[in-house]
Trainee: 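Before we start, here is the structure in question, set down as structure tokens.
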2 protein chains.
Amino acid sequence: MDEIDRTIVNLLRADGRTSYAELARRVGLTAPSVQDRVTKLEKNGVITGYQAVVDPEAVGLGITALIGIIPDSSADHIEICDRLRAMTEIESCYFLAGVECYQLKVRVPKMADLERLIHRLGGIPGVAQTRTTITLSTKWEDRPQPVGAEDGRGID
Amino acid sequence: MDEIDRTIVNLLRADGRTSYAELARRVGLTAPSVQDRVTKLEKNGVITGYQAVVDPEAVGLGITALIGIIPDSSADHIEICDRLRAMTEIESCYFLAGVECYQLKVRVPKMADLERLIHRLGGIPGVAQTRTTITLSTKWEDRPQPVGAEDGRGID
DNA sequence: TGGTCCGGTCGATCTCGTCCACCAGTCGAG
DNA sequence: CTCGACTGGTGGACGAGATCGACCGGACCA
């Protein structure tokens, strides 16, 4: 994980479809070398995948909401987590330090779908209460933060 | 935006580097047709980009926090939004219906960086208070929800 | 009936991806 | 000091993919 790797990661975060040839030109190496580095970054778990970014509204998911989950004392977190994972509307799920031990980001087509989802969440054993906040607008989302000098693990 | 377009979108959300040839095989068309469809999806704003997904810990951003912003009565939202946008640590920014009018998802290398960030947020004119919750773990994030029969706009 | 538009196919060509052989620098052991 | 192994890079060759233009058939409408 040197300066070149960081540049490659930044370029791929900005445009995940950049070709190896193009990356090679940007970092001053040949395509096979770059491909080798990218493969290693994937193997080492630095790059975990590639996604097309889609406008949620354009695919009929016009409503985004944030939902906090407040558990009761009997809560089995493995069970809760599995049940949450099975709900495809939940795009992200964070385990938090606080009264609301999970926060979910969900997307649904219509308000009625959100209402149904909240009822389903409330029905999960161990969930005492939910707290839902509607997002009026998304200012931005998943903006890649350039990776700088310091990196986490001592990979390589 | 027909069934084939939705399949293409789903495939590209699952793997943003899928080649046109591969997409063509999956949907039963030829590569040029698929490329044409993808170009139109990009032009119409359905697909807004492609990103490599990176493990934040692996690039030295081990700490994720959710921060709610509570404005005071003098708040100028354009000003606040611009100031927030300038902070690269803020990966996502939602404008909410509620007392906390923004929620931010931020990533920083160390606790000290989070502390500094919170102080900077508090210094923005119009920000009365912030409320920070540390994420203990990310169960999952940005999981693509398959796009189904109903789509939003009447594109095409 | 004929013209036009839309979306697709086909074929040619150029670029890209990928594999392999080879090479230079580094490091540790004998 | 020399040898060998290892790491990370280059260059060439070949197959696959991307991309462009020409053509084709069905839908629609005058």
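Convention: sequence-line order gives letters A, B, ...; per-chain numbering from 1. Below, each value reflects all heavy atoms present in this structure, side chains not excepted, and no hydrogens, waters or symmetry copies.
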Trainee: Suppose we screen for side-chain hydrogen bond (donor to acceptor under 3.5 Å, both in side chains). Which residues come up paired with B/Ser74, at least two apart in sequence or across chains?
Mentor: B/Asp72

Trainee: Between C/dT9, D/dG8, C/dG7, which nucleotide gets closest to the side-chain atoms of B/Arg37?
Mentor: C/dG7

Trainee: Name the pairs: protein N/O against N/O of nucleotides 22-28 of chain D, kept only if under 3.5 Å.
Mentor:
none

Trainee: Identify, with sequence neighbours excluded, every residue that meets side-chain hydrogen bond (donor to acceptor under 3.5 Å, both in side chains) alongside B/Glu89.
Mentor: B/Arg120

Trainee: What is the distance, rounded to the nearest whole Å, between atom CG of B/Asp36 and atom C1' of C/dC6?
Mentor: 10 Å

Trainee: Over how many whole Å does the gap from A/Asp5 atom CG to D/dT7 atom C1' extend?
Mentor: 14 Å

Trainee: Can you tell me which residue pairs pass the salt bridge (charged side-chain N to carboxylate O under 4.0 Å, His left out) test with a partner in residues 91-100 of chain A, sequence neighbours excluded?
Mentor: A/Glu91-A/Lys105, A/Glu91-A/Arg107, A/Glu100-A/Arg131

Trainee: Can you tell me which nucleotide in C/dG8, D/dG9, D/dG8 comes closest to the side chain of A/Lys40?
Mentor: D/dG8

Trainee: Run the ring-ring contact (aromatic ring centres under 6.0 Å, His included) test against B/Tyr102 and tell me which residues pass, sequence neighbours left out.
Mentor: B/His77, B/Phe95

Trainee: What pairs meet the salt bridge (charged side-chain N to carboxylate O under 4.0 Å, His left out) rule with one or both residues in residues 45-54 of chain B, with sequence neighbours excluded?
Mentor: none

Trainee: Which letters describe nucleotides 14-20 of chain D, given B = protein heavy atom under 4.0 Å from base, S = only from sugar-phosphate, - = neither?
Mentor: ---SSBB

Trainee: Supply the members, apart from B/Tyr94, of the Ile/Leu/Val/Met/Phe/Trp/Tyr cluster built from side-chain contacts under 4.5 Å; use none for a lone residue.
Mentor: A/Leu66, B/Leu96

Trainee: Which residue pairs pass the salt bridge (charged side-chain N to carboxylate O under 4.0 Å, His left out) test when at least one of the two sits in residues 73-82 of chain A, sequence neighbours left out?
Mentor: A/Glu79-A/Arg83

Trainee: Short question: side chain of A/Ser92, backbone of B/Asp142 - any donor-acceptor pair under 3.5 Å?
Mentor: yes

Trainee: Would you say the side-chain atoms of B/Arg13 pair up with the backbone N or O of B/Pro146, donor to acceptor, closer than 3.5 Å?
Mentor: no

Trainee: So if I take the C1' atoms of five pairs at each end of the helix from C/dT1-D/dA30 to C/dG30-D/dC1 and get each local axis, what angle do the two axes make, rounded to 10 degrees?
Mentor: 10°

Trainee: Could you work out the complete set of other residues in the hydrophobic cluster of A/Ile70, with links drawn between I, L, V, M, F, W and Y side chains under 4.5 Å apart?
Mentor: A/Val99

Trainee: Are A/Asp113 and A/Lys110 ion-paired here, with the side-chain N under 4.0 Å from a carboxylate O?
Mentor: no

Trainee: Distances under 3.5 Å only, N/O to N/O: pair up the protein atoms with those of nucleotides 12-14 of chain C.
Mentor:
none

Trainee: Per the side-chain contact (heavy atoms from CB on, under 4.5 Å) rule, which among B/Ile124, B/Leu117, B/Ile118 passes with B/Thr130?
Mentor: B/Ile118

Trainee: Can you check whether B/Thr30 has a side-chain N or O nearer than 4.0 Å to OP1 or OP2 of C/dG8?
Mentor: no

Trainee: Side chain of B/Arg143, backbone of A/Arg85: donor and acceptor closer than 3.5 Å?
Mentor: yes

